[in-house]
Amino acid sequence: MDKIVAKPLYMQVHEILLGRIAEREWVPGSQLPNEAEIADELGVSIGTARRAFELLDEKGVIVRRKGIGTFLKNVDDIYDKYERIHYADGRRAQFDIKQCTVDRRDASAEEQRKLGMQANNEIFCAKRLCEDDTGVPVKFEISITPSHAFPQDLDDDKLRLMTTIELAHFCGLALGQMSETVKIVKPPRESARALGVKPSDRVMCLDRLLLRLDGAPLEWRVAWCAMREDLLYCASEGA
């Protein structure tokens, strides 16, 4: 017979906090109750509440500001975690969307597999061309997201003008883990044409799977970035 193993109390508190975040009780950038308040509300020791908060910190969900309090990460903190292209001087490279088209269609077999979806589920397919602050095209990406992940009344302008991370922040969705592979490749013709490079040139290819805090896939994105001496890929947050 399988044994039933009870979860440690701090893990139970941790999961309660995650559930509240996933249900948007707290939105990105907002201040969370302190450890003493959570301990009092849930009837646990402050040490138990502190360990639950430490797990949130380890997962990159919160940011602690000494003498001020604990906050759910805001959009700037989120960008630092999920967008890994930086300038050589250490600044995070946040590009502007120059062009974007969005199609609503059924997910392909590969998209279903990547996003854990069923057949005939609808997705948003966004193709974005991004430029640097001088107007030079630097990144072309194809982003696939399940349409049910966002409010049904979300208008197409927001889909065109915002990245998935910005949309998640706008809709109050808490983001979880990300996996991303990086390769130097020859670009597909569509990407080469958008970036103004030759199909025989080399570009940086970023293949990312982004999860919500509850573990559900939110986005599969493939991006092709121009190879430039002033752009670097930082493999870890805050690098």
Side-chain angles (χ1 to χ4, degrees), residues 1-84 112-118 121 144-152 154 163-181 208-221 235-239:
M1 180 181 294
D2 294 334
K3 294 183 179 180
I4 299 176
V5 180
K7 291 181 180 179
L9 194 54
Y10 73 86
M11 281 295 300
Q12 297 179 44
V13 174
H14 172 66
E15 290 179 359
I16 289 172
L17 296 177
L18 283 180
R20 292 181 179 181
I21 293 169
E23 292 170 4
R24 307 180 197 176
E25 182 172 330
W26 303 305
V27 299
S30 64
Q31 185 170 5
L32 275 61
N34 61 38
E35 295 165 358
E37 291 170 332
I38 291 295
D40 183 61
E41 177 192 349
L42 299 180
V44 299
S45 71
I46 194 167
T48 296
R50 181 174 298 118
R51 182 62 185 127
F53 272 86
E54 287 172 353
L55 285 179
L56 290 178
D57 196 12
E58 290 169 10
K59 288 185 174 181
V61 176
I62 60 173
V63 58
R64 290 177 165 182
R65 296 173 183 150
K66 191 173 182 180
I68 301 178
T70 300
F71 297 79
L72 195 60
K73 284 196 168 182
N74 62 30
V75 70
D76 288 331
D77 297 318
I78 291 169
Y79 259 107
D80 284 337
K81 179 174 182 179
Y82 298 110
E83 297 291 354
R84 301 287 176 79
Q112 292 169 29
R113 180 178 60 82
K114 281 281 189 177
L115 295 171
M117 301 174 67
Q118 301 297 318
N121 281 180
I144 307 296
T145 56
S147 63
H148 62 73
F150 297 107
Q152 294 302 304
L154 191 66
T163 66
T164 301
I165 291 172
E166 290 169 332
L167 282 169
H169 181 258
F170 176 81
C171 297
L173 298 178
L175 299 178
Q177 298 300 308
M178 174 190 82
S179 61
E180 187 166 59
T181 59
R208 176 177 80 185
L209 183 64
L210 179 62
L211 307 181
R212 295 189 328 210
L213 189 60
D214 60 8
L218 179 64
E219 178 195 46
W220 174 35
R221 185 203 71 177
S236 60
E237 178 185 358

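It should be emphasised that the depicted structure is a prediction, and the values quoted were computed from it without experimental measurement.
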*I would like to know whether Arg208 and Arg84 meet side-chain contact (heavy atoms from CB on, under 4.5 Å); could you show each step before the answer?*
CA-CA 11 Å; Arg208 176 177 80 185; Arg84 301 287 176 79; over 6 Å; no
*Using the side-chain contact (heavy atoms from CB on, under 4.5 Å) rule, take Arg221 and Glu180 through it: C-alpha gap first, then chi angles, then the decisive distance, then the call.*
CA-CA 9 Å; Arg221 185 203 71 177; Glu180 187 166 59; 3.1 Å; yes
*Determine, stepwise, if the pair Leu72 / Val61 fulfils side-chain contact (heavy atoms from CB on, under 4.5 Å).*
CA-CA 6 Å; Leu72 195 60; Val61 176; 3.6 Å; yes
*Determine, step by step, whether Ile165 and Glu83 satisfy the side-chain contact (heavy atoms from CB on, under 4.5 Å) criterion, reporting the C-alpha distance in whole Å, the side-chain angles of both residues, the deciding distance to 0.1 Å, and the verdict.*
CA-CA 9 Å; Ile165 291 172; Glu83 297 291 354; 3.5 Å; yes
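Here the shortest heavy-atom pairing between Gly29 and Phe71 reads O-CD2, 3.6 Å. Between Leu17 and Ala52, the shortest heavy-atom distance links the atoms CD1-CB, 4.3 Å. When every heavy atom of Gly69 is checked against every heavy atom of Gln31, the shortest pair comes out as CA-NE2, 3.7 Å. When every heavy atom of Pro146 is checked against every heavy atom of Leu218, the shortest pair comes out as CD-O, 3.2 Å. In this structure, Ile62 and Phe53 approach most closely via the heavy-atom pair CD1-O, 3.5 Å.
You'll find the side chain of Thr164 stays beyond 4.5 Å of the side chain of Trp220, heavy atoms only.
Looking only at distances, no side-chain donor or acceptor of Gln112 sits under 3.5 Å from a matching main-chain atom of Asn121.
No salt bridge links Arg64 with Glu54; every basic N to acidic carboxylate O contact stays at or beyond 4.0 Å.
The number of heavy atoms from other shown groups lying within 6.0 Å of CD (Gln118) does not exceed 12.
Note that OH of Tyr82 and CG of Leu210 are 6.0 Å apart. Values are rounded to the nearest 0.5 Å. Expressed to the nearest 0.5 Å, how far OG1 of Thr70 lies from CG of Asn34 amounts to 8.0 Å. The NZ atom of Lys7 sits 8.0 Å away from the CD atom of Gln12 when rounded to the nearest 0.5 Å.
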